[in-house]
Structure formats: C-alpha cells, structure tokens
Amino acid sequence: MDYLKGLNARQREAVLHTEGPLLILAGAGSGKTRVLTHRIAYLIEEKGVFPGNILAITFTNKAANEMKERVANLLGGDIDNIWMGTFHSIGVRILRRDIDKIGYEKNFSIYDRDDQITLMKECIKEKDVNKDIYKEKSILATISSLKDAMISPDTYINKNYNDFYRRNIGELYALYQKKLKQNNALDFDDLIVKTLELLRVDPMVLDYYQKKFKYIFIDEFQDTNKSQYELIRLLSNKHRNLCVVGDDDQSIYKFRGADITNILNFEKDFSDTKIIKLEQNYRSTKNILNVANHVIKNNSERKDKSLWTDNEDGDLVVVESLPDSQDEAYFVANMAEKLMDEGYKPSDFAILYRTNAQSRSFEEVFMKKGIPYKIVGGLRFYDRREIKDILAYLKLIQNPNDDISLKRIINVPRRGIGNVTMEKVEEYASSVGESIYTVLQDLEGIPNLSTRAINNLKEFVEIINNLMDIKDQMSIKDFIGEVLDITGYIRELEKENSIESRTRLENIKEFVSVAIDFEVRNPEGTLEDFLANVSLLSDIDKTEDLENSATMLTVHSAKGLEFPVVFLVGMEEGLFPISRALEDESELEEERRLCYVAITRAQELLFITYAKIRTIYGNVNYSLPSRFIEEIPENLITTIEESSGLSKDNNRQLINVIDYTKRSDSFAPQFPNNNENIKVGTKVSHKKWGVGTVVQVKGREGDKEIIIAFDESVGLKRLLLSIAPIEIMKGD
DNA sequence: GCCCTCTTGTTCGAT
DNA sequence: ACAAGAGGGC
C-alpha cells in the first residue's frame with residue numbers, strides 16, 4: 001500500500017523523515033492526524049518497525065483510540081503493541097510495573113480533584129494554620145504548578161524560608177506528599193512526576209524504556225508542561241527519533257503549566273531538528289479561515305506562518321447581537337432548526353462557549369425545542385455522589401491504605417459510625433502510623449470505643465474483608481454487583497424510593513454498563529486497570545457518543561475537533577476575553593489563541609453571538625462586544641438582517657423568516673412598560689413576586705432600570721423596564 | 001448521631 | 001441562582 005497517496009508535498013516529507021528529531025508545525029486543520037497515522041503505518045510497514053517500539057502520546061484517550069483505529073485501518077494488521085495514550089495513562093502504565101522501586105505499592109490509587117481537596121483539608125487541619133488564609137484550592141493550584149516545574153517541597157521551603165506564608169505553603173506541600181504516600185495514592189501531577197522520578201532513580205528501568213521506544217510521537221506539543229517535556233526528553237534520549245506536532249497559535253493550557261517555550265525552544269534542545277510547516281488548511285472555508293487569521297495576527301508572541309486553503313469562499317461569518325443570554329440561546333436554536341430544514345443534522349452543530357456555566361440556557365432551549373444535544377463536561381457523570389461512592393468502595397478494596405476512600409464510605413449507607421467514633425479511630429491510626437483499615441482489624445486495640453461503635457465498625461470491616469476475598473473470583477461487572485448488594489447501597493436507595501434515589505439507581509446502572517463495556521474492550525483488564533481507566537478519562541472521553549445530537553462544549557474541550565456549523569457564543573468583553581485577562585497582555589494573547597481555536601473548529605458556517613445583558617451569579621451585567629469581534633474586518637462578516645435583505649457577494653440567503661430571536665414560549669412579555677408612567681412611588685404587580693412599589697428609576701443606555709420594593713419576603717429587585725414582567729396597578 | 005437551616009462560594013479553562 | 005458544607009438544635 002502506498003502511504004504517501006493523497007498527501008501534499010510537506011505532509012509526505014513529514015512521513016518520510018523518520019530518523020532524528022522532527023518538529024511539525026501544523027496549523028489548524030492542516031491534516032496532522034493524517035500525517036501522524038500515515039507516518040506510523042509507514043514505519044511499521046515499510047521500515048519494518050515492531051509496533052511495540054512505538055510510543056504515541058495524544059491529548060485525550062479518544063484521540064488515542066481514533067488514531068489507533070485509523071492506523072489499524074491503514075495496515076489491516078495487529079497494532080495492539082503500540083503504546084498509545086495520554087501522558088497520564090502512559091505514566092500509570094510505567095508506574096504499575098515498577099513504582100515499588102520508589103517506595104509506593106503497585107496497587108496505588110489515583111486521586112482526583114475532590115480526593116485532593118479532602119486530603120488538603122486534612123493537611124490544613126493537622127498543621128493548624130488559619131483556614132481562612134490557606135484555601136485548599138489555591139494551595140493545590142500552587143502545588144500543581146510546583147510539580148509541573150519539578151520543584152520539590154524542600155527546595156521550595158528553602159527558597160522561601162524567610163517568607164512565612166510561602167514557607168507554610170511549602171510545608172503543606174510536604175505534608176500533602178507525605179499523606180499521599182501513606183494512602184499509597186498519586187494525584188494527576190504525580191503520574192508524570194513520579195514516572196520521571198522512577199526513570200531517574202533506576203537506570204535499569206530507564207534503559208528498558210529508552211531501548212523500547214525507538215520512535216516517539218507527541219501530539220498537541222504546544223500544551224505540554226515542563227515535566228512532561230522532561231519525561232519525553234529522557235525517554236527519547238537513546239534513539240532520538242522524536243516527532244512532535246504542535247501549533248503555537250493553539251496553545252491554550254498555560255493555566256495548567258503548558259509551556260509555550262517547549263515548542264519555541266525545541267530546535268535549541270535538539271540541535272539537528274528538522275522542521276516542517278503544514279500550512280494548507282483542509283477544514284474551513286476561505287471566509288472562516290480569513291476571520292481566524294485576522295484575529296490571531298494581533299498576537300505578537302508567535303512563530304510566523306500563513307495558513308491558506310483551496311476550499312470555497314463559503315458564506316460570510318454571521319455576527320449577531322442579542323439582548324440577553326436567553327435570546328442568544330433562542331437565536332442559536334432557531335438557526336439550528338432553520339439549518340436542519342436545509343439539510344443539516346443536529347450532529348453538525350457545535351455550540352462553543354468560554355465557561356461551562358453558559359451551557360444552561362442553551363440546554364434549556366434545546367430541550368424545550370426537542371433538538372437532541374449532548375454536553376461535554378459540566379454536570380459530570382463521574383462527579384455524581386453515587387458514582388463516587390461506588391468508586392470509593394472499589395478503590396478501598398483495591399488499595400486498603402486509601403484512607404480518603406475509606407472515610408468517604410464507612411458510613412454510607414448509614415451504619416451508625418459518626419464523627420466521634422471516627423476521630424478516635426483516626427487518632428489511634430496516626431499514633432501507631434498505620435492506615436485506618438489496618439487498625440480496624442483489631443478493634444479491641446483502639447482505646448475509648450463504645451461497645452456499640454465496636455459492633456458497627458465490626459460490621460463494616462466484615463463487609464470489606466468479605467469483598468476483598470471474592471474480588472478475584474469474578475468479573476468486574478459481577479464484582480460491582482456484589483459491592484452494591486453486600487454493602488446495602490442499593491437497598492438503601494430502593495428503600496428511599498424518591499425521584500432523586502431513582503435517578504441515582506439509574507446512574508448506577510449506567511456505571512455498571514461502563515464496566516461491562518470496559519470488560520469487552522479489555523478482556524484481560526483487572527479492577528485496577530478499570531479504576532485507572534475511569535480516573536483518567538477526559539471530559540471528551542466521558543461524553544456519550546450520542547447519535548446525531550448537537551454538541552455543547554467549552555472552547556478548551558473543543559480542541560482537536562471540527563464541526564460543519566459552529567456557534568461561538570458569549571463573545572463579550574469580560575467573558576471572552578475573560579475579565580481576568582483584560583489587563584494582562586500575555587493572558588490576553590492566550591484568550592486570543594483560544595478564540596482562534598474556536599473559529600478554526602468551523603468547517604462551513606460560523607455564527608458569532610454576544611448578549612448585551614448577561615447575568616452572572618444572579619447579577620445583571622451590561623457588556624460590550626468582544627474585542628476579538630472588532631478585530632475582524634467588516635467585509636468578512638454580516639448580520640442576519642443584512643444577509644436576509646440585500647445580499648452581498650458570496651452571501652447565501654440565510655433566512656426568509658425575520659425574527660430569529662423569537663421565543664417560542666412567548667414568555668417575553670408584551671407588557672407595555674415602555675411608557676413614562678412608571679416613576680418612584682408607582683405600585684406595580686409582578687407575576688411571581690406580587691405587588692411592590694417602585695423605589696428608584698435609573699436611565700441606562702436607552703433603557704431604564706427600576707428598583708422595586710416587594711413584600712418583605714421578596715425584598716428589593718432590580719429590573720429592566722423594557723422587559724420587566726410587571727403591570728401597573730390600577731387606580732394609581 | 002441526625003436533621004434542619006443558614007452561609008458560602010461558585011465560574012476560567014482540565015488530565 | 002443554586003448547591004454543598006457548616007453549624008446549631010434536638
């Protein structure tokens with residue numbers, strides 16, 4: 001088979017350059033996945049490279065699976081031996097084999113964000129520092145960036161010895177690491193850092209992997225952080241066949257340590273680097289690409305490149321201003337319906353927003369209109385309480401040292417084991433330096449426990465021991481069934497028999513089917529593998545592959561994806577770019593890159609919307625259109641009104657119907673409030689809040705804001721006169 | 001030990 | 001606007 005077929009000259013060059021360091025600067029939509037898959041296929045088929053000698057690191061597990069599939073299709077052979085996955089999953093794989101060499105046990109747990117917070121709370125309590133000053137989340141953020149930069153607690157403490165606050169942070173960092181180890185647990189950052197440590201500490205292990213990985217690929221290289229970069233430098237050091245693919249314009253993860261200098265300095269670190277630029281875009285129309293180019297060129301920190309396309313001009317990009325976020329949602333939904341009449345499918349649509357919280361209004365309207373949709377991230381399945389509970393049981397059974405998981409479920413369902421009892425147990429456990437589970441094996445040894453507490457604890461210990469005994473005798477799915485049964489978790493929910501408990505039971509069923517699915521895909525997989533798999537899924541991975549539904553997701557999650565029709569919503573100053581970035585040039589450039597990523601997801605049609613009023617935290621905010629909109633030349637954009645009237649060149653008749661913001665439920669009130677009759681003292685009645693008196697009227701850019709005092713149970717409310725659902729009381 | 005009410009933070013993005 | 005956590009009363 002010819003692996004060069006259908007590739008352009010640059011792409012071929014990238015496929016053929018197999019030896020030595022290679023940096024592929026791949027613009028958005030320039031066919032980099034194609035290059036990567038063909039290059040891997042070429043190596044195996046033409047160069048006779050054994051699949052087990054290839055390591056490919058992708059950004060999500062989904063991307064890894066897709067790449068695997070595509071390579072398998074090209075080759076028609078067995079490629080299971082290729083190591084393909086995210087940095088974190090590769091780390092787990094290496095650590096499961098040899099982590100005992102750096103003092104952990106091989107059955108380590110992986111702690112997610114919530115587990116980290118729980119653990120940090122314990123550290124703060126134990127260290128007895130002011131918890132109003134030392135916030136778990138911000139400390140964890142600091143620790144995470146320190147780990148990314150490979151700075152140890154000791155180094156940090158020594159460097160900041162005279163800074164009281166920082167020294168405390170450093171000591172909390174040290175304590176946090178100590179506790180992780182006691183729990184035999186690693187957090188996400190540890191999966192990289194400990195892998196690095198293992199390779200540095202043990203020359204045999206390093207040698208093994210350096211020899212094994214003759215060819216290494218890294219996708220989305222612009223979003224690797226320092227420790228990840230160090231890891232691949234180490235792994236590739238022997239064969240030096242390292243191929244990295246990235247686009248500095250799409251670097252959007254600085255907040256979690258992504259270091260753009262990795263890509264900018266690659267050629268310095270690897271002196272004989274071959275650089276190939278892929279600049280032909282195969283994804284978007286000329287108009288869309290033009291818009292993207294005009295936005296990104298305002299950034300100063302970037303490698304010079306010019307992305308071009310042979311595709312059609314396509315329609316102009318539509319920029320639409322809406323009164324508020326609900327109108328925005330209706331606009332998108334109405335336009336989607338219109339486009340469906342023209343032959344588009346729901347799955348062709350993506351709604352991209354800056355923050356997850358924005359999804360709600362779109363979800364509501366799509367639900368109302370019956371347009372199928374799915375949400376990436378947001379209300380996360382794996383974050384639900386019942387799922388976390390079951391996972392905690394499984395984690396504890398797999399790793400008895402995992403105190404965090406134990407404490408989560410020791411009294412779930414209720415077993416009469418309360419705080420007082422647990423405090424005694426924990427105190428004893430830490431005094432003898434054992435895990436909670438271990439000390440529970442000999443309840444008589446724990447001081448001051450009441451007989452009742454002992455009996456309750458005994459019951460719990462028996463449940464867990466029982467489950468540990470049967471763990472290896474059955475499939476994962478059956479074992480989860482036993483856990484749900486023996487612990488009484490299901491019985492408790494069934495007994496409750498509320499709407500909520502029924503939803504929970506549904507979710508649990510869903511979780512069991514996840515396990516079944518895992519077993520089908522990984523016949524050899526252990527409970528350990530299953531848990532690691534679940535922990536390391538990205539939001540994209542976790543999103544159900546619902547047939548033919550629109551996708552709602554953040555711009556961050558949209559990285560690497562493409563859609564025929566993109567709605568880029570909430571394009572307002574303070575939201576996108578986000579308020580925090582307004583005064584910082586480098587953060588602003590990151591926002592601009594994010595905007596560039598959003599625009600370049602679109603293949604055929606792009607709609608950009610912004611709302612004049614946006615409610616955040618329940619507060620009304622008046623906003624201006626995003627500066628990124630201002631950066632687009634007028635001749636590249638249009639509005640619905642324009643495009644439906646006198647049509648410009650290349651501009652399709654987008655609509656026949658005029659009002660795209662019409663709300664189908666006509667909640668939008670027809671109250672004649674635009675009159676001058678409302679003034680301070682006027683009595684009005686509101687649908688929901690009842691009768692109130694206007695206490696203030698303020699002018700606001702053509703509209704008026706009124707403040708009304710309602711009954712004391714409601715209090716003061718701020719409303720916009722033009723849209724307030726109020727009526728003036730007669731006889732006033 | 002349990003339940004109810006009040007307070008608090010959330011929302012920048014995520015493996 | 002809303003959920004989760006804290007705190008107080010029983």
Side-chain angles (χ1 to χ4, degrees), chain A residues 57-64 85-92 110-114 116-118 121 131-132 135-138 140-141 144 147-148 186-193 220 223-225 227-228 251-258 325 352-361 364 376-380 382-385 411 414-423 450 452-453 456 500 532-542 553-559 570 574-582 584 587 590-591 593-595 597-598 614-621:
Chain A
I57 296 178
T58 56
F59 199 70
T60 62
N61 290 293
K62 190 182 175 196
T86 61
F87 270 105
H88 296 88
S89 64
I90 299 294
V92 170
I110 300 167
Y111 276 4
D112 67 12
R113 215 185 134 65
D114 285 355
Q116 287 180 280
I117 289 172
T118 312
K121 272 187 187 148
K131 63 176 196 284
D132 292 328
K135 303 273 184 195
E136 309 94 46
K137 282 177 195 165
S138 77
L140 285 168
S144 177
K147 286 187 181 180
D148 287 345
L186 305 189
D187 66 14
F188 286 131
D189 299 315
D190 281 346
L191 295 177
I192 312 299
V193 176
E220 307 285 5
D223 283 324
T224 51
N225 63 34
S227 56
Q228 290 167 338
S251 166
I252 55 173
Y253 279 98
K254 206 168 93 187
F255 70 90
R256 68 168 207 219
S325 59
L352 303 190
Y353 34 76
R354 178 66 179 83
T355 69
N356 274 309
Q358 287 165 258
S359 70
R360 223 186 75 197
S361 48
E364 277 168 16
V376 178
L379 320 153
R380 287 164 213 180
Y382 288 90
D383 284 350
R384 299 203 178 130
R385 197 210 308 178
N411 203 29
R414 300 255 142 78
R415 299 189 177 95
I417 304 170
N419 293 338
V420 181
T421 306
M422 280 314 287
E423 258 167 43
S450 67
R452 215 170 97 204
N456 292 339
E500 195 189 325
N533 182 283
V534 168
S535 307
L536 298 179
L537 292 177
S538 69
D539 282 339
I540 288 284
D541 300 326
K542 286 180 216 167
L553 71 179
T554 63
V555 184
H556 281 94
S557 299
K559 184 163 96 142
L575 186 58
F576 198 171
I578 201 95
S579 53
R580 240 192 64 182
L582 294 179
D584 181 320
E587 287 203 41
E590 174 129 330
E591 294 287 308
R593 289 193 292 272
L594 198 52
C595 181
V597 168
R614 188 167 295 275
T615 310
I616 298 173
Y617 298 137
N619 289 325
V620 175
N621 289 276

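Numbers restart at 1 for each chain; the letters A, B, ... are given by sequence-line order, proteins then strands. Computed from a predicted model, the values in this text were never measured in an experiment.
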Close aromatic pair by centroid cut-off 6.0 Å: A:Phe255 and A:His556: yes

Quick one: list whatever passes ring-ring contact (aromatic ring centres under 6.0 Å, His included) with A:Phe87, sequence neighbours left out. none

Determine the contact category for A:Ser535: base if any of its heavy atoms lies under 4.0 Å from a base atom, sugar-phosphate if only primed atoms, P, OP1 or OP2 are that close, otherwise nothing. nothing

Length of the line joining A:Lys135:NZ and B:dG9:C1', which is rounded to integer Å: 9 Å

For A:Ala558 and A:Leu352, work out which heavy atoms get closest and say how close. CB-CD2, 3.7 Å

Without decimals, in angstroms, what is the distance between A:Lys62 NZ and B:dA14 C1'? 16 Å

So A:Phe59 and A:Tyr253, would you call those rings parallel, tilted or perpendicular, with 30° and 60° as cut-offs? tilted

May I have the distance from A:Tyr353 (atom OH) to B:dG13 (atom P), rounded to whole angstrom? 10 Å

Could you tell me whether the phosphate oxygens of B:dA14, OP1 or OP2, come under 4.0 Å of any side-chain nitrogen or oxygen in A:Thr554? yes

Contact pattern, 5' to 3', of nucleotides 3-10 of chain C - B, S or - by protein heavy atom under 4.0 Å: --------

Restricting to nitrogen or oxygen on both sides, can you table the protein-nucleotides 1-6 of chain B pairs closer than 3.5 Å?
residue, atom, partner, partner atom, Å
B:dG1, OP1, A:Gly418, N, 2.8
B:dG1, OP2, A:Asn419, N, 3.3

Is the aromatic ring of A:Phe255 within stacking range of B:dA14, meaning centres under 5.5 angstrom and planes under 30 degrees? no

Where is the tightest heavy-atom contact between A:Lys147 and A:Asp190, given as atom of each residue plus distance? NZ-OD1, 2.9 Å

To the nearest Å, how far apart are A:Gln358 CD and B:dC12 P? 12 Å

A:Arg256 or A:Ala357, whichever maps to the more 5' nucleotide of DNA chain B: A:Ala357

Considering only heavy side-chain atoms of A:Ile578, the closest of B:dT15, B:dT11, B:dC12 is B:dC12

Lys/Arg N to Asp/Glu carboxylate O, A:Asp148 vs A:Arg256, below 4.0 Å: no

Quick check for you: to the nearest 0.5 Å, what is the distance between A:Arg593 atom CZ and A:Ser251 atom OG? 4.5 Å

Between P on B:dG9 and CD1 on A:Ile616, what's the gap in Å once rounded to a whole number? 19 Å

Does a salt bridge link A:Asp187 with A:Arg113, judged by any charged N lying under 4.0 Å from a carboxylate O? no

Decide yes or no on side-chain contact (heavy atoms from CB on, under 4.5 Å) for A:Ser89 and A:Asn61, but give the supporting numbers first. CA-CA 8 Å; A:Ser89 64; A:Asn61 290 293; 4.1 Å; yes

Would you indicate which nucleotide in B:dC12, C:dA1, B:dT10 comes nearest to any side-chain atom of A:Lys137? B:dT10

Would you mind checking if A:Glu591 and A:Arg354 are paired as a salt bridge, meaning a charged N to carboxylate O distance below 4.0 Å? yes

Of the options B:dG13, B:dT15, B:dC12, whose atoms approach the side-chain atoms of A:Arg580 most closely? B:dC12

Whole-Å gap separating P (B:dA14) and CG (A:Asp148): 16 Å

Between P of B:dC12 and CG of A:Leu575, the distance in whole Å: 10 Å

Quick one: is B:dC12 close enough that its OP1 or OP2 comes under 4.0 Å of any side-chain N or O from A:Asn356? no

Give the rounded distance in Å between these two atoms: CG of A:Leu553 and P of B:dG13. 12 Å

Choose from C:dA1, B:dA14, B:dC12 the nucleotide whose nearest atom is closest to any side-chain atom of A:Tyr253. B:dA14

